[in-house]
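Working notes for the structure below.
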Amino acid sequence: MKALVLCSGGLDSTTCLGLAVKKYGASEVLALSVFYGQKHKKELEAAKAVVEYYGITWKQLDLSILFADSNCSLLQGSTQSIPKESYADQLARTNGSPVSTYVPFRNGLFLSSAASIALSNGCEVIYYGAHSDDAAGNAYPDCSDAFQKAMNDALYIGSGEQLHLEAPFIHATKAEVVKQGLAYHVPYDLTWSCYEGNEKPCGVCGTCRDRAAAFAANGVPDPALKQKV
């Protein structure tokens, strides 16, 4: 295979997957989804639907033990509730620290694990869907341009110059991600972004707010919401 794509079942990673399939073809793309102890499995169910839509090979990995000591509000053992406000409002209280939904070094662990799987399957590139809105204000430092460059160097050197990292949206906003995805007919109706695991997205957590704004900026309704009304 040519490419491994980290696939959470959310909007950004599904758009990455669509780009990789368009570039390499479905038979040359491997999707990797990770369970990390999150409070619900809605995203993983969405990832399954997405990979079935594209007809690509799918692997799953359980890294929940690595985050067992974290009190991140996304995780099952957390004493914190998931914030029901924008990232900007959350960052106003953190004094420059990541928000409570930041899972400690999650992308670093995901990418390191993905590198081993990618090499074992002959892949030459890993895709992940970090974008500039997530990195803004240090909300998610493992979505930043500096992090992406450092991880790309580490993967390239550590793989014996066999593997590199692509983050095609690292300088893009979420609205720009959606614009590209719409052009590639990405199946957004199958995706799930909400931090809650209810029947419908909550509409008020940080990622729900960002997703709604991204579709509104493109002048189209969110296909996933239309399916769940």
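Note that the structure is predicted; figures quoted are calculated from it, not measured.
Residues Val125 and Val51 are members of one and the same hydrophobic cluster, defined by side-chain heavy-atom contacts under 4.5 angstrom among Ile, Leu, Val, Met, Phe, Trp and Tyr. Criterion: ILVMFWY side-chain heavy atoms under 4.5 Å apart, direct or through other members. Under it, Tyr127 and Val34 are not part of a common hydrophobic cluster. In the hydrophobic cluster analysis, where Ile, Leu, Val, Met, Phe, Trp and Tyr join through side-chain heavy atoms closer than 4.5 angstrom, Leu44 is grouped apart from Phe67. Side-chain heavy atoms closer than 4.5 Å link hydrophobic residues (I, L, V, M, F, W, Y) into clusters, and following such links, possibly through other members, connects Leu163 to Leu61. Connection of Phe105 to Leu155 is established within a shared hydrophobic cluster, with ILVMFWY side chains joined at heavy-atom distances below 4.5 Å, either directly or through further cluster members.
In this structure, the side chains of Cys72 and Ser78 stay at 4.5 Å or more apart for every pair of heavy atoms. Residues Trp58 and Lys48 have side chains in contact (heavy-atom distance under 4.5 Å, counting atoms from C-beta outward). The shortest distance between side-chain heavy atoms of Ser97 and Tyr102 does not fall below 4.5 Å. Side-chain contact between Asn107 and Tyr140 is absent, with no heavy-atom pair separated by less than 4.5 Å. In this structure, the side chains of Ser70 and Val103 stay at 4.5 Å or more apart for every pair of heavy atoms. A 4.5 Å side-chain heavy-atom check between Pro201 and Ser193 finds every atom pair outside the cut-off. In this structure the side chain of Phe215 reaches within 4.5 angstrom of the side chain of Pro223, judged on heavy atoms. Between Ile56 and Leu17, the closest side-chain pair of non-hydrogen atoms falls below 4.5 Å.
Closest heavy-atom contact between Ala47 and Ser33: CB-OG, 3.5 Å. Residues Cys194 and His40 approach most closely at O-NE2, 3.3 Å, considering heavy atoms. Arg93 and Glu85 make their closest contact through NH2-OE2, 2.5 Å (heavy atoms, listed as atom of the first residue, atom of the second, distance).
With sequence neighbours left out, Lys22 forms a side-chain hydrogen bond (donor to acceptor under 3.5 Å, both in side chains) with no residue at all. With sequence neighbours excluded, the residues that form a salt bridge (Lys or Arg N to Asp or Glu O under 4.0 Å) with Glu196 are Lys84. With sequence neighbours excluded, no residue satisfies salt bridge (Lys or Arg N to Asp or Glu O under 4.0 Å) with Asp89. Checked against salt bridge (Lys or Arg N to Asp or Glu O under 4.0 Å), Glu124 has no partners two or more places apart in sequence or in another chain.
With rounding to the nearest 0.5 angstrom, the CG atom of Leu63 is 6.0 Å from the CZ atom of Phe110. Atoms OH and OG1, on Tyr87 and Thr207 in that order, are 4.5 Å from each other to the nearest 0.5 Å. Remark: Ser27 OG to Met1 CE distance equals 8.0 Å, nearest 0.5 Å. For the atom pair CG of Leu190 and CD of Glu52, the computed distance is 9.5 Å after rounding to the nearest 0.5 Å. Of the inter-residue distances, the one linking Leu30 atom CG with Leu6 atom CG reads 10.0 Å to the nearest 0.5 angstrom. Distance check: Lys41 NZ to Trp192 CH2 gives 16.0 Å after rounding to the nearest 0.5 Å.
Here the side chain of Thr14 pairs no donor or acceptor atom with the backbone of Leu11 at under 3.5 angstrom. Asp222 places no side-chain N or O within 3.5 Å of a backbone atom of Ala212 that could act as its donor or acceptor partner. With hydrogens and angles ignored, the 3.5 Å screen pairs no side-chain donor or acceptor of Gln60 with any backbone N or O of Phe35. Using a distance-only test at 3.5 Å, with no hydrogens or angles considered, a donor-acceptor pair links the side chain of Gln76 to the main chain of Gln38. Panel note: side chain Asp145, backbone His171; no donor-acceptor pair is recorded below 3.5 Å. Side-chain atoms of Gln162 come within 3.5 Å of backbone N or O of Ser159 as a donor-acceptor pair. Here the side chain of Gln180 pairs no donor or acceptor atom with the backbone of Val177 at under 3.5 angstrom. Asn218 places no side-chain N or O within 3.5 Å of a backbone atom of Val220 that could act as its donor or acceptor partner. Judged by distance alone, with hydrogens and angles left aside, the side-chain atoms of Ser73 form a donor-acceptor pair with the main-chain N or O of Ser100 at under 3.5 Å. Here the side chain of Asp62 pairs a donor or acceptor atom with the backbone of Ser64 at under 3.5 angstrom.
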### Task
Tell me, with the steps shown, if Ser8 and Ser13 meet side-chain hydrogen bond (donor to acceptor under 3.5 Å, both in side chains).
CA-CA 6 Å; Ser8 71; Ser13 70; 3.2 Å; yes

### Task
Go through the steps to decide whether Thr15 and Tyr188 satisfy the test side-chain hydrogen bond (donor to acceptor under 3.5 Å, both in side chains), and finish with yes or no.
CA-CA 8 Å; Thr15 309; Tyr188 288 134; 2.8 Å; yes

### Task
Let me see the working for Phe147 and Leu111 under side chain to side chain contact (heavy atoms under 4.5 Å, CB included), right down to the final yes or no.
CA-CA 11 Å; Phe147 175 83; Leu111 291 168; 4.0 Å; yes

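Applying the 6.0 Å contact sphere to CG of Asp69 captures no more than 12 heavy atoms from other residues, nucleotides or ligands. Within a 6.0 Å sphere centred on NZ of Lys39, other residues, nucleotides and ligands contribute more than 12 heavy atoms.
For the pair Lys149 and Asp153, the salt-bridge criterion is not met [side-chain N within less than 4.0 Å of a carboxylate O]. Salt bridge status for Glu166 with Lys23: absent, with no side-chain N to carboxylate O gap under 4.0 Å.
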Output a table of donor-acceptor pairs, distance under 3.5 Å, between side-chain atoms of residues 112-120 and any protein atom two or more places apart or on a different chain; print 'none' if there are none.
unit_1, atom_1, unit_2, atom_2, d
Ser112, OG, Gly108, O, 2.8
Ser113, OG, Leu109, O, 3.0
Ser120, OG, Ser116, O, 2.9

Could you give the side-chain donor-acceptor pairs of residues 128-137 under 3.5 Å, partners two or more places apart or in another chain?
unit_1, atom_1, unit_2, atom_2, d
Tyr128, OH, Asp142, O, 3.3
His131, ND1, Asp133, N, 3.3
His131, NE2, Asp12, OD2, 3.3
His131, NE2, Asp134, OD2, 3.4
Ser132, OG, Ala172, O, 2.7
Asp133, OD2, Lys174, N, 3.0

